[in-house]
Visitor: 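Supplied in structure tokens, the structure appears directly below.
Residue numbers count from 1 along this sequence. Note that this is a predicted model, so its numbers are computed, not measured.
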Amino acid sequence: MASTLTKPAPPPAASAAVRRRTRVLALPEARWALAALMLFLLGLPPALLGAPAWVWGTLFAATYVTGGWEPAWEGLKALRNRTLDVDLLMVVAALGAAAIGQVLDGALLIVIFATSGALEAVATARTADSVRGLLDLAPATATRLLPDGTEESVATGSLVIGDVVVIRPGERVGADGRVLAGASEVDQATITGEPLPVLKETGDEVFAGTLNGTGALKVEVARDASDSVIARIVRMVEEASETKAPTQLFIEKVERRYSLGMVAATPAVFLIPLAFGSDPTSSLLRAMTFMIVASPCAVVLATMPPLLSALANAGRHGVLVKSAVVMERLGQVDAVALDKTGTLTEGTPRVTTVRTLAGREGGERGRDEDEHQCRPVGDTDGPGGDLRGPDEDRVLALAAAAEHPSEHPLARAVVLAAHARGHRLAPAEEFGSTPGVGVTAVVDGDTVEVGAPARLLSGSEDALSVRAATVSAALEAEGHTAVLVKVNGVPAGVLGIADRLRPDATATVAALTRLTGTAPTLLTGDNPRAAARLAAEVGITDVRAGLLPQDKVAVVREQEGAGRRVLVIGDGVNDAPALAAAHTGIAMGRAGSDLALETADAVIVRDELATVPTVVALSRRARTLVVQNLVVAGVFITGLVLWDLVGTLPLPLGVLGHEGSTVLVGLNGLRLLREAAWRRAAVAATG
């Protein structure tokens, strides 16, 4: 079971990956947005304090140029392709505001729009950085074994199918392949998400980028570097990001058609009355009034304030939603797929059960039952200790003392459990570790063995051994990892170790079920028994276990093919392709891999899983306010346009009505900034 996993220094490639991380100001969008912001901030005080117009006007004009030239250019290019792009519309709206004397408002619109574009560019660049950095998980070089038995160091990219490589303790596997000789425990969490290292022996498959334990392995390369699992993860993330349907706010789709109609109608409002003999001045005034009252400012603000307010409110509560588009998409989800390890669970193995094998029949005490009195480790009734009835404390204390020198995750779980119960750990002498078997040590004169029951009980048929095998099998059937403790060659107890559910996991699954109308799907690379046990605890019936990254993507594609809008929640490298492929992806922030955090559309910064249904409910509330705002804006625009076309709408009154409706929908959207909005969303999520 346990083996000493050394902690190798980060490989040079990892350091290179850090250096390759794109700096914010290396992006032109970020530099222009920063320049626009600085110019706006310089011009704001003089404008508010009544300084001469040429002072603040010059600064605001520079703001228009620095922040608006790039979106204007992109908009003109789109116009050349007969598409009225939102970039151009925003610039025109800003210029229109300046034309009617609202220079400050137009400059603010430019700054907001330029900043939004810069943030999008930064997010795209960081995602690309993480995808490139993922390739650095595989080592740059490998040790190839030649036919004459000598070794040579070669670039992993030059390995071909059939080559034999040597993987020494603490090294990363350089290529996908099969073990020819040796045994070791390999940490393959980057590929499968499993929290515990997996024993690899002759005939077993290993993956590039996974971390070898204490044993040495000879591996025959089975795939080219370009076709390894880690390389396929990179390709899947890139392809999913490129082929994912372009996200666009609903209002942008409406706005394009509306703006085209407005642009076409404005000349008609001027020319038609002129053709019927109207005075040119009055016709021009009517057309100008029409252009002002029909402009889509209120329509634009109908959408952005509710979504941005919801985004800011979510951020205050530990949910980083990366854009207003994502906030809108969250409210559309109708299916959820959850990762297990690190998402529904804490991602750290813990001792959940201690069962003794001698003395009291079926003695058992859960990890959290601390009301008993702890016996000192050295308190025995004679040489070798009293095995007629060692209690749970003594079994745990001996196991922890023997495991203390090991850095294996299961060893750490045993030691932490002993410390939690207040045990003093005796020194371990003559420590030894065998990959796939366990550890041996002498503790206070007793020989203690801790490891895999199947290996430690091999060939033993006495009553205690049979009972130990029965208890171990029962624990494993419940989804635990069974760890046998032998003292002086006699089975003394069995520890049950499992990953612990997050406290809010069950409530979160129930809330997501209510919101979407169907229970979430569990996607995990872990074994089926552990997955089924955990799923039963939280109320999930659709369990997909033993999945590789491409299998998770296939499940997401399957559900989307059935017309579902899938929300994927995960934390690891192996979840990144599914996060990218899903309608919306959310990553757990605390232990999440860089790739998962950059690929996901939103991040749960504090790892509070219960915030997921709340932010979905908040998004739906934001969509409701958007509809309300569109109705208000539509009523104002329709009324003012009809007044202008049928009667005579004074220009000042038209401006007042237009600005009033814009302010009204803006204030309505800001309601979601309040703390009460988050509380109401939480109530709506939990029913």
Visitor: Examine distances only and state if a side-chain atom of Ser406 and a backbone atom of Glu403 form a donor-acceptor pair shorter than 3.5 Å.
Guide: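 Here the side-chain-to-backbone pair does not exist.
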
Visitor: With sequence neighbours excluded, what pairs up with Ala498 under the side-chain contact (heavy atoms from CB on, under 4.5 Å) test?
Guide: Thr352, His480, Arg533

Visitor: Any Lys/Arg nitrogen of Lys552 or Asp575 sitting under 4.0 Å from an Asp/Glu carboxylate oxygen of the other?
Guide: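 A salt bridge links Lys552 with Asp575.
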
Visitor: What pairs with Glu429 under side chain to side chain donor-acceptor pair (under 3.5 Å), at least two apart in sequence or on another chain?
Guide: none

Visitor: Can you sort out the partners of Ser184 under side chain to side chain donor-acceptor pair (under 3.5 Å), two or more places apart, ordered by chain and number?
Guide: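 Only Asn212 meet the side chain to side chain donor-acceptor pair (under 3.5 Å) criterion with Ser184.
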
Visitor: Does Arg529 have any side chain to side chain donor-acceptor pair (under 3.5 Å) partners at least two apart in sequence or in another chain, and if so, which?
Guide: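 So Arg529 forms no side chain to side chain donor-acceptor pair (under 3.5 Å) with any residue.
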
Visitor: Looking at Glu449 and Arg455, is any side-chain nitrogen of the basic one under 4.0 Å from a carboxylate oxygen of the acidic one?
Guide: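 No, this pair does not count.
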
Visitor: Could I get the full list of side-chain contact (heavy atoms from CB on, under 4.5 Å) partners for Ala505, not counting sequence neighbours?
Guide: Leu344, Leu501, Arg502, Val538, Leu609

Visitor: Provide the closest heavy-atom pair for Leu338 versus Pro520 in the form atom of the first, atom of the second, distance.
Guide: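 For Leu338 versus Pro520, the nearest heavy atoms are CD1-CB, 3.7 Å.
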
Visitor: Arg421 and Glu392: salt bridge (charged side-chain N to carboxylate O under 4.0 Å, His left out), yes or no, with the steps?
Guide: CA-CA 11 Å; Arg421 290 188 177 186; Glu392 296 89 346; over 6 Å; no

Visitor: How close do Leu425 and Ala400 get, counting heavy atoms only, and between which atoms?
Guide: CD2-CB, 3.7 Å

Visitor: Does a donor on one side chain sit under 3.5 Å from an acceptor on the other, for Gln559 and Thr521?
Guide: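 A pair is found: one side chain offers a donor N or O, the other an acceptor, under 3.5 Å apart.
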
Visitor: Looking at every non-hydrogen atom in both residues, tell me the closest pair between Arg606 and His317 and how far apart they are.
Guide: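 That would be NH1-C, 3.6 Å.
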
Visitor: Using 4.0 Å as the upper bound for N to carboxylate O, is an ion pair formed by Arg500 and Glu346?
Guide: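 Between Arg500 and Glu346 there is a salt bridge, with a charged N closer than 4.0 Å to a carboxylate O.
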
Visitor: Can Arg394 and Asp446 be counted as an ion pair, charged N to O under 4.0 angstrom?
Guide: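 Salt bridge: yes.
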
Visitor: Does atom CD of Glu152 have more than 12 heavy-atom neighbours from other groups under 6.0 Å away?
Guide: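 For Glu152, atom CD is crowded (more than 12 foreign heavy atoms under 6.0 Å).
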
Visitor: Side-chain contact test, heavy atoms from C-beta onward, threshold under 4.5 Å: evaluate it for Leu484 versus Lys486 and give yes or no.
Guide: yes

Visitor: Please check: side-chain N/O of Asp504 versus main-chain N/O of Ala610, any donor-acceptor pairing under 3.5 Å?
Guide: yes

Visitor: Under the side chain to side chain donor-acceptor pair (under 3.5 Å) test, which residues partner Asp462, sequence neighbours left out?
Guide: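 Partners of Asp462 under the side chain to side chain donor-acceptor pair (under 3.5 Å) test: Ser465.
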
Visitor: For Thr356 and Arg467, which heavy atoms make the closest approach, and how far apart are they?
Guide: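 Looking at all heavy atoms of both residues, the shortest contact is O-NH2, 3.6 Å.
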
